[in-house]
Trainee: 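Before anything else, here's the structure in question.
Note on naming: letters A, B, ... go to the chains in the order of the sequence lines (proteins, then strands), and numbering restarts at 1 for each one.
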There are 2 protein chains.
Amino acid sequence: MNSTTIRDVARLAKVSISTVSRVMNMPEAVAPDKRERVLEAIRRLEYQPNGFARGLIFKKSNTLGVLIPDIRNPYYGDIIRGMEEAAKQFGYSLMICNTDRDPERVVGYIEDLREKQVDGLLFASDYVTALYYETIRKSGVPVVLVSTESREYGIPSVKVDEEQAAYEAVRHLIALGHREIGIVCFTLPDPISGEPRYRGYARALEEAGLEGSKNHVVYATHWFEEAYAATDVLFQRYPQLTAVFACSDEFALGVISCLHDRGIKVPDQVSVIGFDNVRLSRMSIPRLSTIAQPMYEIGYAGVSKLHRLVRNESLETLRDIVPHRLIVRESTGPPGGSGENRKTIDIRTNDSF
Amino acid sequence: MNSTTIRDVARLAKVSISTVSRVMNMPEAVAPDKRERVLEAIRRLEYQPNGFARGLIFKKSNTLGVLIPDIRNPYYGDIIRGMEEAAKQFGYSLMICNTDRDPERVVGYIEDLREKQVDGLLFASDYVTALYYETIRKSGVPVVLVSTESREYGIPSVKVDEEQAAYEAVRHLIALGHREIGIVCFTLPDPISGEPRYRGYARALEEAGLEGSKNHVVYATHWFEEAYAATDVLFQRYPQLTAVFACSDEFALGVISCLHDRGIKVPDQVSVIGFDNVRLSRMSIPRLSTIAQPMYEIGYAGVSKLHRLVRNESLETLRDIVPHRLIVRESTGPPGGSGENRKTIDIRTNDSF
DNA sequence: ATGAAAGCGCTAACAC
DNA sequence: GTGTTAGCGCTTTCAT
């Protein structure tokens, strides 16, 4: 580690340390000749100021902590990029932490970030438990929630309207002519991505007089593999389904893979719609119809909001809702083969992974 | 921000600040009654020490900087998880930065991380240019390269044997009976993932007396969309191909999508093998045959190595090579339809994205 | 315009 | 065992 200090520079330039400090912070305030000498000394010594010392004085780190529940989920790629762009704009660095949804790590990271004196915290997707809230409160660090929200604790947040988005996804299926629609839902109780998306699904069904379908639900927790397995169960119970609403694009891929392995064509026999519009959804065969979230903008807006918070500016709104939109690609279409015409589904657990 | 200091605690507990400091750093060295009083005061005041002050003394941040070229690439998910696990083990936090391969951001981040006094730097996948090296050298921060290496500057690194891995991928294709094999290669000059993988491809071809195929190459830079477009060019030039080696799984998906849109079946008519074994490769249809890199282990090993460097311990080896392995799934098979039997390929640029 | 000195919050000698 | 004190590297009064 390069350990030349301001003292070394002062000595070499034959000035006092305050002069050196001045050329770094208010260059105009120092005589041109001395300024040049100092600059030269800085160059020669490759001097770079110590962030700890500055932090101690300014009581600011210009760093924001970011808690990501699952860094493997492509959903966060663009969220992070949006955050980074905003951070750059406002002069912050990001400290990105992956919690793998482990409460211990969440708490550990919050405490660590607070010790590192981050100026603020971005908390993504996870549900804010009492433990998390208490840890955050204690730390005294401003927080904004990203793709999650908290009714109990009134924390600022940025996200889409999950219920409405899910509603529109299922509306799309209904408009296509589907009558028997299943859902692969995030394991309840998940008050963020689970419950609201289920409600949107149920609302669309009711509105279309299809409430009989409302129990065509099966659960999975975030992973392709689970969605794959859940799909077997779903079609075992409700073989009449002609469409399924998968609560994430990854789920949708799981559903499609399962169906494919059972010889069922998507979308000819069964339509599948996803949620998120991660890059993957354009890379699969068939390309996924899905609900697009503006991930980049969500990340950007999260940092903007936090920036205001950090500077004690007032927030126009506590909970920001950003627009989603339906994207129709290839995985949805009108109902084709009916349940009866379909090849019987093999419900044995698949063991190919 | 919670701003109670060690002084406040000392006052409330009616002891000196050194006693407070002691209960935090060497609790046994202080009398039980006082210790309890201090602990109670800490609890009451929700005191948490200031990392800047401690950093100033210890000259350590217990933080490692991580430079990721493209956070959207799923390849880095497990790399980061491996790093994080090791970091936790060794008592570091990770500061993850996404550079999007922008030299300005790379340099900016290195300087910023240095000011933040990170104890070390993990530099992933990118080629170490003279500018980067100079920036790193100036900063004086120990570095290890992850999934990249540097012959010029002799920087420690952890990665697979790209050339050999590519060789084995193509060997697999040859063993299956393929004679006309194309490659979708990273844009040259890419001395890390481009050139060595091409050499592996070429070596396998030569060894099998297939050197005629060696020019069946087309280039793309990291993205699905580019691989898709490159595939059109590849088959336009060499319609006799029955197999292609894609230099990444993302490329492989691009190749497969393109082929699929042209009505060509994988693997029945054309075999495709990828590289990396990202999670995606198990989620696609067909599931990808690929070369698996141990991403998690690479990340873990990178941090371990850096940890040694930070503590000035000697390294057994400068450049670590970790094992790869061939995974055969569904996207490769024996050559089926010959070029002639195949539907003519539509070489117009696809505009579906 | 410039230097001397105080002090940010903490740890680590060094007394006692 | 515990308190006093001298810094860690820097910015910022305050004199001059």
Trainee: Are the side chain of A:S21 and the backbone N or O of A:I17 linked by a donor-acceptor pair below 3.5 Å?
Mentor: no
Trainee: For a 4.5 angstrom cut-off between non-hydrogen side-chain atoms, does A:N73 reach A:Y75?
Mentor: yes
Trainee: Keeping the roles fixed (side chain from B:R54, backbone from B:P49), state whether a donor-acceptor pair exists under 3.5 Å.
Mentor: no
Trainee: Donor-acceptor pair, distance only, cut-off 3.5 Å: does the side chain of A:D190 make one with the backbone of A:S193?
Mentor: yes
Trainee: Using atom types as modelled and distance alone, determine if a side-chain donor or acceptor of B:S139 lies under 3.5 Å from a backbone N or O of B:I136.
Mentor: yes
Trainee: Are side-chain heavy atoms of A:P294 and A:V160 found at a separation under 4.5 Å?
Mentor: yes
Trainee: Return a single string for nucleotides 9-16 of chain C, one symbol per nucleotide in 5' to 3' order, where B is base contact, S is sugar-phosphate-only contact and - is none, cutoff 4.0 angstrom on heavy atoms.
Mentor: BBBBB---
Trainee: Name all stems that contain residues of DNA chain D, defined as runs of 3 or more consecutive Watson-Crick or G-U wobble pairs, both distances under 3.5 Å.
Mentor: C:1-16 with D:1-16
Trainee: Side chains of A:K116 and B:T63: donor-acceptor distance under 3.5 Å anywhere?
Mentor: yes
Trainee: Going 5' to 3' along DNA chain D, between which two nucleotides do contacts with chain A fall, using a heavy-atom cut-off of 4.0 Å?
Mentor: D:dG9 to D:dT13
Trainee: Is the side chain of B:D119 donor-acceptor paired with the backbone N or O of B:N62 at a distance under 3.5 Å, no angle test?
Mentor: yes
Trainee: Flag the pair A:Y132 / A:T129 as yes when at least one side-chain heavy-atom distance between them is below 4.5 Å, and no otherwise.
Mentor: yes
Trainee: Please determine whether a side-chain nitrogen of the Lys or Arg among A:R43 and A:E46 lies less than 4.0 Å from a carboxylate oxygen of the Asp or Glu.
Mentor: no
